[in-house]
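Working notes, structure below.
Atoms within a ligand are numbered from 1 in the order they appear, just like the ligands themselves.
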Amino acid sequence: MSPSDTGSIREFLRAADLTLAGLDAPGVHLWVARDERGRIVGSTGFELSADGRHALIRSVAVDPQQRSAGSGSRLARFAMDAARQRGVERAWLFSRRSGPFWQKLGFTGADRGELASALADTHQVRLFVETGQLDREVAWSCLLTS
Ligand SMILES: CC(C)(COP(=O)(O)OP(=O)(O)OC[C@H]1O[C@@H](n2cnc3c(N)ncnc32)[C@H](O)[C@@H]1OP(=O)(O)O)[C@@H](O)C(=O)NCCC(=O)NCCS
């Protein structure tokens, strides 16, 4: 994603009801998929912990018209592979609604306190702690090294 994509990615993520905070923070890596007309139809990304051992997968979304065709899984795997290639040992994420989707990709339920401690310095965790949203979230994690 380039800086000029910020407006359109925000609009796309807002429509998918995902967190917009900190999208341009230094440890956040985001990618978008576009259709032949250049319209954003998918997004994926992660935010790294300061020690680089943990990644918070975020912003995985597919255009509603194109869901249930495997794109979401491909985008999620892309972020997991990119994190693994950077030496990340464990991927984490928050998801209240899409648990079964993440379970198919190897994620299991995790302790949100452990997530918050592994990724304490990330923008999204700091925001969720400050606003109290952390207590309402459901955490998931997946070991990337095998
Ligand atoms: C979650 C999301 C990315 C899945 O995208 P998708 O393109 O439909 O995903 P896939 O086609 O790869 O689906 C893979 C499987 O997960 C299932 N699945 C997808 N979304 C699901 C959900 N919200 N709850 C339960 N199962 C889900 C699909 O039915 C499919 O199962 P199948 O292989 O047995 O048919 C998409 O629904 C989305 O953009 N949701 C809004 C944003 C969001 O909640 N993102 C996740 C939090 S970061």
Side-chain angles (χ1 to χ4, degrees), residues 1 5-50 52-86 88-144 146:
M1 194 187 101
D5 289 319
T6 308
S8 45
I9 180 79
R10 289 179 79 83
E11 201 178 303
F12 180 76
L13 293 176
R14 189 179 292 113
D17 199 23
L18 295 182
T19 307
L20 303 177
L23 287 177
D24 47 8
V28 174
H29 301 256
L30 277 183
W31 293 265
V32 291
R34 295 178 182 278
D35 67 10
E36 62 285 349
R37 288 179 296 156
R39 202 172 51 96
I40 295 179
V41 290
S43 61
T44 192
F46 59 78
E47 184 167 6
L48 286 176
S49 62
R53 292 174 54 213
H54 300 274
L56 184 67
I57 304 287
R58 58 176 292 182
S59 308
V60 175
V62 173
D63 181 301
Q65 312 280 318
Q66 302 195 13
R67 289 185 188 164
S68 298
S71 300
S73 303
R74 270 197 302 280
L75 288 163
R77 284 203 191 90
F78 180 91
M80 291 164 73
D81 287 345
R84 190 183 292 111
Q85 280 162 22
R86 293 184 69 106
V88 171
E89 294 163 19
R90 183 170 284 276
W92 304 77
L93 59 92
F94 293 115
S95 181
R96 279 174 288 176
R97 292 180 300 244
S98 310
F101 168 78
W102 293 106
Q103 280 174 308
K104 282 181 189 152
L105 292 161
F107 282 78
T108 54
D111 184 305
R112 55 182 172 243
E114 269 182 47
L115 183 160
S117 140
L119 290 147
D121 36 25
T122 59
H123 199 94
Q124 192 166 9
V125 167
R126 280 191 278 124
L127 178 77
F128 282 10
V129 169
E130 275 162 31
T131 58
Q133 190 174 336
L134 183 68
D135 301 329
R136 298 191 293 277
E137 284 295 336
V138 181
W140 301 87
S141 86
C142 176
L143 196 61
L144 296 183
S146 51

Please give the N or O to N or O pairs under 3.5 Å between ligand 1 and the protein, distances rounded to 0.1 Å.
unit_1   : atom_1 : unit_2 : atom_2 : d
ligand 1 : 7 (O)  : G72    : N      : 2.9
ligand 1 : 8 (O)  : S68    : N      : 2.7
ligand 1 : 11 (O) : S68    : N      : 3.4
ligand 1 : 11 (O) : A69    : N      : 3.1
ligand 1 : 11 (O) : G70    : N      : 2.7
ligand 1 : 12 (O) : S73    : N      : 2.9
ligand 1 : 12 (O) : S73    : OG     : 2.5
ligand 1 : 23 (N) : S98    : OG     : 3.4
ligand 1 : 31 (O) : K104   : NZ     : 2.7
ligand 1 : 34 (O) : K104   : NZ     : 3.0
ligand 1 : 39 (O) : V62    : N      : 2.9
ligand 1 : 39 (O) : R67    : NE     : 3.4
ligand 1 : 39 (O) : R67    : NH2    : 3.3
ligand 1 : 44 (O) : S98    : OG     : 3.4
ligand 1 : 45 (N) : V60    : O      : 2.8

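- Here the rule is side-chain contact (heavy atoms from CB on, under 4.5 Å) with W92, and of V125, L119, I57 only L119 fits it.
- Under a 3.5 Å cut-off, the side chain of W140 and the backbone N or O of G99 do not form any donor-acceptor pair.
- Considering every non-hydrogen atom in both V60 and G72, the closest pair reads CG1-O, 4.1 Å.
- In terms of modelled atom types and a separation under 3.5 Å, the side chain of S59 and the main chain of S43 share no donor-acceptor contact.
- Distance alone, capped at 3.5 Å, is enough to place a donor-acceptor pair between the E47 side chain and the H123 backbone.
- Side chain of S98 to main chain of F101: no donor-acceptor pair is present (N/O by atom type, distance under 3.5 Å, no hydrogens or angles).
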